[in-house]
Amino acid sequence: MCYYHGTMNLHSYRRDLRTKKQELAGLLRQRQEIDQKIAQSQPLISHLEGLCRELGDRAAKEAAAKVELTTGLTELARTALEEAALPLSASDLKTRMEAKGFDFSKYTSPLAILHTVLNRLAKSGKVKVVPLKGGKKSYQWITVTEHLISLLQVVNKVAERSQAKATPEKPSPGNGAIDRPRTTTVPKR
């Protein structure tokens, strides 16, 4: 009877040991996932801090430039686009600039000049081109928020690529892994 009782405790202890090992394995997997998330978050946070600092400095410089704004063509075009809620065509932009007091009389082809300025701003990433019906174009200033979102999307894509490279591939029968049956050892009595 005592032997039977000892065997029951041994089975109970082995069952408890197996349960605790499985629990530990689950906790270790969770810790590994958390460590990976931390490792991915730290460079992203550093990058975002740098972007915020840079954009904050840029916003401060732009605000100072607006205070000292001369009536230069490009500067006034930028200001008019920034203030517009909707995209503007070149002729709409010309009308707004004239309303602000810009004198186009010294230009022989003001719309051609404005198209050149708008294309330059689009190439530099300050303005996005919005297609209209009939092949015409309008232009909209890219806000700081839109710029940040596009940068975050780029950062997320880079993080996803690096995570995909860092994740080890599980062996499968097709990639050279050998499937072996699991063996368990039975303790000798």
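Heads up: numbering here begins at 1 and tracks the sequence.
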For H115 and Y139: C-alpha separation, side-chain torsions, deciding distance, then whether side-chain contact (heavy atoms from CB on, under 4.5 Å) applies. CA-CA 10 Å; H115 277 289; Y139 302 85; 3.9 Å; yes

How far apart are the closest heavy atoms of P87 and Q140, and which atoms are they? CG-OE1, 3.7 Å

Gap between atom OG1 of T95 and atom CZ of F102 - 0.5 Å precision: 13.5 Å

Looking at L88 and A80, what are the two nearest heavy atoms and their distance? CD1-O, 4.1 Å

I142 side chain reached by V127 side chain, heavy atoms, under 4.5 Å: no

State plainly whether one hydrophobic cluster holds both V158 and L152, where clusters connect Ile, Leu, Val, Met, Phe, Trp and Tyr through side-chain heavy atoms under 4.5 angstrom apart. no

T145-T143 side chain donor-acceptor pair, cut-off 3.5 Å: no

Does this structure show an ion pair linking K100 with E83, if we count only N-O contacts that are shorter than 4.0 Å? yes

Name the atoms and distances for all side-chain donor-acceptor pairs under 3.5 Å in residues 15-33, with sequence neighbours left out.
residue: T19; atom: OG1; partner: R15; partner atom: O; Å: 2.9

Show the numbers, then the answer: is there a side-chain contact (heavy atoms from CB on, under 4.5 Å) between M97 and L73? CA-CA 9 Å; M97 290 173 69; L73 178 71; 3.5 Å; yes

Interatomic distance, L148 atom CG to C52 atom SG [nearest 0.5 angstrom]: 6.0 Å

Distance col, row K37:NZ vs Q163:CD, nearest 0.5 angstrom, shows 9.5 Å

Heavy-atom nearest pair, A77 first then V117, reads CB-CG1, 4.2 Å

Could you please spell out the steps behind the side-chain contact (heavy atoms from CB on, under 4.5 Å) verdict for V130 and L86? CA-CA 10 Å; V130 180; L86 298 173; over 6 Å; no

Partner set under side chain to side chain donor-acceptor pair (under 3.5 Å) for S138, not counting sequence neighbours: none

Following the transitive rule for hydrophobic clusters with a side-chain heavy-atom cut-off under 4.5 Å over Ile, Leu, Val, Met, Phe, Trp and Tyr, establish whether I149 and L48 coincide in one cluster. no

With the threshold set at 4.0 Å, does a side-chain nitrogen-carboxylate oxygen contact exist between E98 and K94? yes

Take T108 and I113, measure what side-chain contact (heavy atoms from CB on, under 4.5 Å) needs, and give me the verdict at the end. CA-CA 9 Å; T108 56; I113 302 275; over 6 Å; no

Connected via hydrophobic side-chain network under 4.5 Å: V129 and L93: yes

For residues L44 and V154: do they belong to one hydrophobic cluster (side chain heavy atoms under 4.5 Å, members Ile, Leu, Val, Met, Phe, Trp, Tyr)? no

